[in-house]
> 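Next up is a structure, given as structure tokens.
Per chain, numbering begins at 1; letters A, B, ... match sequence-line order.
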Amino acid sequence: MLDIQNISKTFNPGTVNEKQALSGLSLHLEAGEFVTIIGSNGAGKSTLLNAVAGVFYVDQGRITLGEKDITFQPEHRRSQVIGRLFQDPLKGTAPTMTIEENLALAFLRTTRKSNPFSRISRRDKEQFREKLALLDMGLEDRMTQPVGLLSGGQRQALTLLMATLTTPELLLLDEHTAALDPGAADKVLELTRQVVAREKITCLMVTHNMSQALTLGSRTLMMADGGIVLDVSGAERGAMTVDDLLRKFREGTGRALDNDRMLLSD
Amino acid sequence: MLLITQTALELGFLYALVAMALFLSYRILDIADLTTDGCFVLGAAVSVTLTAAGHPFLAIPAAMAAGACAGFVTAFLQTRLGVPSILAGIVTNTGLYTVNLMAMGWRSNSSLLGVDTIFSLLKGAVEGAGVDGAWCDLLLAAVVTILAGVVLYWFLGTRLGLSIRATGDNRDMVRASSVNPTFTITVGLCIANALTALSGAMVGQYQKTVDINAGTGIVVIGLACLIIGETVLGRRTVLKGVIAVMVGSIIYRFIYAIVFYTRVVPVDCLKLLTAVIVGLAIAAPSIKKWAMFQRRKLAAGRKEGV
């Protein structure tokens, strides 16, 4: 499904701020796999997601999605088949546009073959209403309100809905619940779990929550220094505890796991 | 008095198209497009030259196409070549000065004497049917502007229109939703400048003359109209925005007429006055914040002082 071969990325090459964010990383995902990623600060977790999404082009290596080589495909082309959620809930939606217009944008984009002057039809609106009702946040009755009036949790739930309105080939989640209050975070996480399971979406999720990393999805990656140091799935993963994970990390890298947010969370 | 009202309404509708263009570029795309001044003259020059050559109707779409080209150059400079957006507009604007002279046949002004314009043709047709043609100019100005407004409103509800709005609203989001911001900015600026040129084209035929300096300060006047309209109507929705630019433009022309006839302020000072009003209106949020902070500081000082 997703095949990453030996990708590297160095930021600010040739300056004092030079930083190799990814070094020769390879990863293969089967269709329908839900992979969680944990790691220290600066391990390259977000960089990996950004490389797949096309925020920048990798210095070397290949990225293939489905049958297609997307290594040099620009970001806006990849996002036709890749859904993305950022940590900042403000990043995923247009604040002065209404809920309905935001959904229409997400919906109309995926039907790319339709002409650029297509509009939202009444039937589309009905469909939006049904999907919004599934979020169970009362948003279906506020469809003509600007998104800027919604709370962070509501905006993130809406972004999730927009990203999965037409099922993407790949869903990238970059700590998408980290900036929400605990209640909203649980809610958005639950919605994520539901939609990924229902549509069998292949998914890469960065998280800072160790127990979440082990309980959600089917496979866990641990990253350090721009590479993958631990890759567990199946029975081995099922039997693993957070302490096992920490010990494995120390064994893998020769030092303790260091992530400020991770230490604060449960 | 009736004549003053009529003229103010006519000019209000004709110049509303510039405010509409700025609504698209400045409000929706969040780009201060300084191509406007030169583009307005470009529209007028193309329109007047073609009208003089006997094509008053062809003149209008031709002027719009010319304006769209100017918008494309500005967009190309900022999206593909990395020129800062304000500078891109200024560069295009400067280049347009020569293009405009060229369009007028290398003269700095040009007039239409004894030539049919769309205004005179309509008036002729109406009077030929035995109806009083005094309101013809206003009717034509209003119809063209309202039509442009309706089309713009419709367009901003389409997929492409929504993408353009999202580009100005949240650039992080558009790339993640498979919209190419380079494309949407280009389309947006082309349409905005086509509207500005349409305004120039209509004004050129209406006044039967064009001067190379006719566009000086048009962008600030357009912004003034936009701000006046938004103050009156609010700026929540696209529909309100499109109506607001027309209302604002008409109010501005009434203020202009009042100043012109009562001479409260010398007419020569009107541009300075407009600039001050626009400057203050755009600065209003910062000024309000500063005033509130000073008040808080003063209140805190008083409490401790005693």
> Of T237(B), D169(B), V238(B), which meets side chain to side chain contact (heavy atoms under 4.5 Å, CB included) against T96(A)?
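That would be D169(B).
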> Within the structure provided, determine whether S118(A) and T158(B) are in side-chain contact (heavy-atom separation under 4.5 Å).
no
> Which distance, rounded to the nearest 0.5 Å, do you find between the NE2 of H76(A) and the OG of S163(B)?
12.0 Å
> Measure the spacing between OG of S178(B) and CG of L105(A) and express it to the nearest 0.5 Å.
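Going from OG on S178(B) over to CG on L105(A), the span is 8.0 Å.
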> Donor-acceptor pairs under 3.5 angstrom involving side-chain atoms of residues 76-87 of chain B: please list them, not counting sequence neighbours.
| from | atom 1 | to | atom 2 | distance (Å) |
| --- | --- | --- | --- | --- |
| T79(B) | OG1 | A75(B) | O | 2.6 |

> Would you compute the distance between atom CZ of R159(B) and atom CZ of R119(A) and round it to the nearest 0.5 angstrom?
13.5 Å
> Just checking W154(B): does its CH2 atom have more than 12 heavy atoms from other residues, nucleotides or ligands closer to it than 6.0 angstrom?
yes
> Which bit of T159(A) comes within less than 4.5 Å of chain B, counting heavy atoms only: side chain, backbone, both or neither?
neither
> Between F155(B) and F117(A), how do the two ring planes meet: parallel, tilted or perpendicular, split at 30° and 60°?
tilted
> Is it the case that the side chain of S79(A) and the backbone of R175(B) share a donor-acceptor pair, with hydrogens and angles ignored and the cut-off at 3.5 Å?
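Yes; judged by distance alone, with no hydrogens or angles, the pair exists.
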> Heavy atoms only, distances under 4.5 angstrom: which of P146(A), G92(A), P95(A) has the most pairs with chain B? Name it, please.
P95(A)
> Closest heavy-atom contact between L90(A) and N170(B)?
O-ND2, 3.0 Å
> Do M97(A) and L162(B) come within less than 4.5 Å of each other through their side chains, counting heavy atoms only?
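Counting from C-beta outward, M97(A) and L162(B) do come under 4.5 Å.
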> So which part of L172(A) gets closer than 4.5 Å to some heavy atom of chain B, the side chain, the backbone, both or neither?
neither
> Would you call M173(B) and M162(A) a side-chain contact if the rule is heavy atoms closer than 4.5 Å?
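The answer is yes; the side chains approach within 4.5 Å.
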> To the nearest 0.5 angstrom, please state how far the CG atom of N180(B) sits from the CZ atom of R77(A).
7.5 Å
